[in-house]
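Per chain, numbering begins at 1; letters A, B, ... match sequence-line order.
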Amino acid sequence: MTRYNPREAEPKWQSAWDACDAFKAIGPSASNDKPKYYVLEMFPYPSGRIHVGHSRNYTMGDVVARYKRARGFDVLHPMGWDAFGLPAENAARDRGVHPGAWTHDNIDAMRGQLQRLGLALDWSREIATCDPSYYRHQQAIFLKLMERGLLHRKTAKVNWDPVDQTVLANEQVIDGRGWRSGALVVQRELDQWFFKITEYADELTDALDELDRWPDKVRTMQSNWIGRSRGAEVSFPLTDTGLADQFGATIDVFTTRPDTLFGASFLALAPDHPIVKALAADDPEIDRFMRECARMGTTAEEIEKAPKRGVDLGITVRHPFDKNWELPVWSANFVLSGYGTGAIFGSPAGDQRDLDFARKYDLAVQPVVLPPEASADTHVIEDEAYTGPGTIYNSRFLDGLSTVDALERAITELESLGLGKGATSYRLRDWLVSRQRYWGCPIPVIHCADCGVVPVPEDQLPVVLPEDVTFDHPSNPLERHPTWKNADCPSCGKAARRETDTLDTFVCSSWYFLRFTSPWAEDTPFLASDAEHWMPVDQYVGGIEHAILHLLYARFFTRALNDAGLMNMKSGEPFAGLFTQGMVTHETYKSAEGKWLSPEEVDLRKERAVELATGKPVSVGAIEKMSKSKKNVVDLDAFIESYGADAVRWFVLSDSPPERDVEYTDSGVEGVWRFVQRLWTTVTSLPDTAPGPLTVASDATGPALDIRRAAHKTLHAVTDAIEGFRFNSAVAQVHDLVNVLRKFEPADQTGIAAKAEALGILVRIIAPFVPHLAEESWERLGGEGLVIDAAWPEVDTGLLVEDSVTLPVQVNGKRRTEITAPKGAAQDVVQDMVMADQTVQRALEGLTVRKVIVVPDRIVNIVAG
RNA sequence: GCGGGCGUGGCGGAAUCGGUAGACGCAGCAGACUUAAAAUCUGUCGACCGCAAGGUCGUGCCGGUUCAAGUCCGGCCGCCCGCACCA
């Protein structure tokens, strides 16, 4: 018995695939009549080396790519590198290597690893975002979108990461900390570039409904992130004409509840509202309040604990529906300057925060919504606001209307008074893309003292990063470069200053999937014809951590580029199908000194885990996602060296559903190794005299027919499982078939033919999962050519139908026995069989049969009492 | 607080439409082969009662619908994820 040796087989088959450009996508051409299929995994950041954790993502995409290829699709399955980013600069600082050299070394190492995994990738389309040939187009896109009015530059309070010395987008601040550094983010005023993603807020929200092959979770998260709420903008006229001259005649607020306007008892402005700032200049108390609020932390905890606080600004406004009704204006710490208009009207009976505030400062609480089944005489608001629907009362012309109708009525009235209108507000902010970093795409503009911001002319692109930079200081090397930032103004020709900020790396990943459709395009970011042919991505695979950031930006970009005329996509949505895969987890280990240890530094065979180098005890910690920082990673090359690429692929798809995490265990890997060998011995157990793997043993009977049935049943189930992204189920089904096949000893030539047919099916359906083993087996079985060129087998549906079925028989819902009946037997026939059964008769002793339920070919239930 | 998800053997999980709960894998146990071990192979493996045949219980908890509930409905409990003073 020969063992299967992946070390020999895997490189052999990888070369065979390369030799025939097997995975090169064809694309739009007159002679190509295959339907297209674009499958993409979120491209990696070249951080160093690939570990088993990363491989799960690529393996899943690869299964889909290989399966679709076998089903006759022209598959586009490309790979590239999200190559700009901070770690390269950190490496430059720590080790004195240039970020570009470090990045390219990593890319080379990781490309080799991915190739050894045997991925069916079209490497001819490989791109790296740090290449000028890529980012020159990004600069062109930037200028194009600027022309379209989708970019603006403004002085804004921004999230500043003091450790990374750069600004962060709102999406990159998690619990008040930088998403990479974990440092507490501080607010700073800076001149920055923003993409006007908010202009697409409605489209991006509405189109979520069409994304029926996206996880609901991700759609919900995006919807919440955009946070569209409909309501009204309401203008409250200032009573003080002096202030009105200074700030405009009214203070405008956004509300979702104009129906509760008659419950208003105050206005509250954000502490950094312009009016508050102006009043603070003359009022020390307001000034103190403002400063205290500015010091307030932004972490979830601090916000949670912060009590409602405010200060009376000493000014008043008129109620829009009654010019004789004056309301006091306060500043309150719970009003956010960044949302709506930075001002609210307080309607304490219908809003918990307003109520808390009103109780604290002794402001009026007037209920205006009567809950269903409550009485106007007895309904009172104590410490809990009523936010639900009901009937409006205490509200003059709105009295008696439902909350829904009153809302419309109030807006109509506001509009006729010229004091408000229906309005929509969003939680989404514009996307801040300026970064004070070297290793990113330079922003292609020049700042001229006379002409202001001037775009770099298209023929001067790309603006290439200078090579000679130093990293001896945490600030931006481009800022400190002696000459690079000097440039002549393209408009007036005078000496001017080049923009030294670079683009957020999320810009790079917002259109790379378009570049993949035609990476050879020189004059445009991509060719419209290719983009229109391949887009949208049919199946996108990546981690849930990108549910908001990357996926939202990419959706915005695709729409913006489509609208800018770079292509003409029907839907504007880049990813028709999205799958968010779970991670590979592993135990964590800490040495006696409290340092993280990698699995190979730990001896687990003893009763108590010890550190191999020192013999000291090791504490075994939580099972967590494989990550370099916790050292709980298993290197891909080491794994492939011992078990082979197919074993990694099979392992990361086994056991756990793809969307859930899978735990890496040595015993699990042993199991995979056993399976690989078992499969190989099953294949090699077929005598040399057997017919080829495309045999159809149509004259098989008895056990040989059972084998055929089993193979076709598995084929059916595995096909279904792949289509439904249930790879763990596919794995289980394959195990099942192998178990049946290895026990089957053919009695004659027909039996051998049946086994050959079954093995032929088996090998083709495992090919997307363990492609090298499949090729080796295909060759051994005498298959022609490569198994990747063999079509996906056709299910013989006749073999799925059994002649007879086993029916469980229940008495009063409890299973008592089972009978074997002919498939499709008539109800009365089955009933007679059941009633004649001895076990059934025993179970029915002393009982009267009231009803017999026969569900054809499924179950029988006798109701008796 | 709001939104979403999950809860099944010792473990990962299966049961896709309301129809035999525990497929498949891991671990365990017993046996075969072996001087021995590893590897491999065979059997067994939810709990309880029973020599067995068989029976009772069993999918987080309580209740409901149904001939029939892991699956549907109502109410709890626990865990995970996202958002969070968003007017």
Side-chain angles (χ1 to χ4, degrees), chain A residues 1 3 174-175 215-225 227-229 231 234 253-257 260 268 270 296 300 302-304 306-308 332-336 338-347 350-354 356-357 387 425-428 544-545 547-548 650-651 654-657 659-663 665-675 677-678 681 717 720-721 724 726 728-739 742-743 806-818 839 842 850-855 857-864:
Chain A
M1 184 187 77
R3 290 200 130 200
I174 293 144
D175 286 345
D216 288 343
K217 183 189 171 80
V218 176
R219 291 199 282 177
T220 309
M221 280 166 75
Q222 291 221 348
S223 174
N224 290 344
W225 186 266
R228 175 165 67 190
S229 44
V234 186
V253 306
F254 175 75
T255 179
T256 54
R257 297 295 303 275
T260 64
M296 248 297 292
E302 283 173 289
I303 290 167
E304 185 94 27
K308 303 274 173 289
N333 63 343
F334 64 90
V335 182
L336 308 172
Y339 185 77
T341 60
I344 62 154
F345 82 85
S347 193
D351 182 288
Q352 193 57 47
R353 287 158 310 176
D354 296 350
D356 294 345
F357 192 78
T387 56
S425 194
Y426 304 91
R427 210 191 76 104
L428 182 71
I544 186 76
E545 68 273 20
I548 295 167
W650 194 253
F651 177 80
S654 298
D655 291 346
S656 283
E659 67 277 11
R660 260 190 251 175
D661 290 349
V662 63
E663 192 197 342
T665 59
D666 289 333
S667 55
V669 174
E670 295 294 333
V672 168
W673 177 250
R674 261 200 301 272
F675 166 76
Q677 293 304 333
R678 225 178 260 173
T681 41
D720 232 41
R726 292 187 311 273
N728 57 323
S729 287
V731 165
Q733 292 291 340
V734 168
H735 269 287
D736 236 353
L737 180 60
V738 172
N739 286 343
R742 58 203 281 262
K743 282 174 191 154
T806 306
L807 294 175
V809 180
Q810 297 178 334
V811 176
N812 291 329
K814 281 194 171 72
R815 182 182 171 281
R816 287 298 169 210
T817 186
E818 56 189 31
T839 317
R842 215 181 317 136
R850 299 199 203 285
K851 200 173 169 190
V852 179
I853 294 152
V854 178
V855 183
D857 298 338
R858 290 217 92 137
I859 201 165
V860 179
N861 191 12
I862 302 164
V863 186

Under the side chain to side chain donor-acceptor pair (under 3.5 Å) test, residues paired with A:Asp661 that sit two or more places apart: none

A:Asp655: partners by salt bridge (Lys or Arg N to Asp or Glu O under 4.0 Å), with sequence neighbours left out: none

Residues forming a side chain to side chain contact (heavy atoms under 4.5 Å, CB included) with A:Asp736, sequence neighbours excluded: none

Closest to the A:Arg742 side chain, choosing from B:rC83, B:rG3, B:rU42: B:rU42

Protein-nucleotide distance (A:Glu659, atom CD; B:rG12, atom C1'), rounded to Å: 14 Å

Partner residues of A:Asp720 under the salt bridge (Lys or Arg N to Asp or Glu O under 4.0 Å) criterion, sequence neighbours left out: none

Protein N or O to nucleotides 26-32 of chain B N or O, pairs below 3.5 Å:
residue	atom	partner	partner atom	Å
B:rC26	OP1	A:Arg674	NE	3.4
B:rC26	OP1	A:Arg674	NH2	2.8
B:rC26	O2'	A:Ser667	OG	3.1
B:rA27	OP2	A:Arg674	NH2	3.3

Set of residues satisfying side chain to side chain donor-acceptor pair (under 3.5 Å) with respect to A:Arg219, sequence neighbours excluded: A:Asp216

Contact summary for A:Val809 and A:Ile862, nearest pair of heavy atoms: CG1-CD1, 4.2 Å

Sugar-phosphate, base or nothing in reach of A:Arg850, heavy atoms under 4.0 Å: nothing

Sugar-phosphate only, base, or nothing, as touched by A:Ser425 at under 4.0 Å among non-hydrogen atoms: nothing

Test item: A:Asn861 side-chain N/O and A:Gly813 main-chain N/O as donor-acceptor pair under 3.5 Å: yes

A:Arg815: salt bridge (Lys or Arg N to Asp or Glu O under 4.0 Å) partners, not counting sequence neighbours: A:Glu818

Dump the pairs, protein N or O against N or O of nucleotides 65-70 of chain B, anything under 3.5 Å, distances to one decimal.
residue	atom	partner	partner atom	Å
B:rC67	O2'	A:Asn861	ND2	2.9
B:rC67	O2	A:Asn861	ND2	2.7

Under 4.0 angstrom between A:Asn728 side-chain N/O and B:rA14 OP1 or OP2: yes

A:Gln352: side chain to side chain donor-acceptor pair (under 3.5 Å) partners, not counting sequence neighbours: A:Asp356

Sugar-phosphate, base or nothing in reach of A:Val731, heavy atoms under 4.0 Å: nothing

Residues forming a salt bridge (Lys or Arg N to Asp or Glu O under 4.0 Å) with A:Asp351, sequence neighbours excluded: A:Arg353

Atom C1', compared across B:rG4 and B:rU66: separation rounded to whole Å: 30 Å

Distance-only donor-acceptor test (3.5 Å): side chain A:Arg726, base B:rU16: yes

Set of side chain to side chain contact (heavy atoms under 4.5 Å, CB included) partners for A:Arg257, sequence neighbours left out: A:Thr255, A:Asp259, A:Thr260, A:Val369, A:Thr403

Strand partner of B:rC57, provided both Watson-Crick or wobble distances fall under 3.5 Å: B:rG46

Reading 5' to 3' through nucleotides 43-57 of chain B, protein heavy-atom contacts under 4.0 Å coded B for base, S for sugar-phosphate only, - for none: ------------SSS

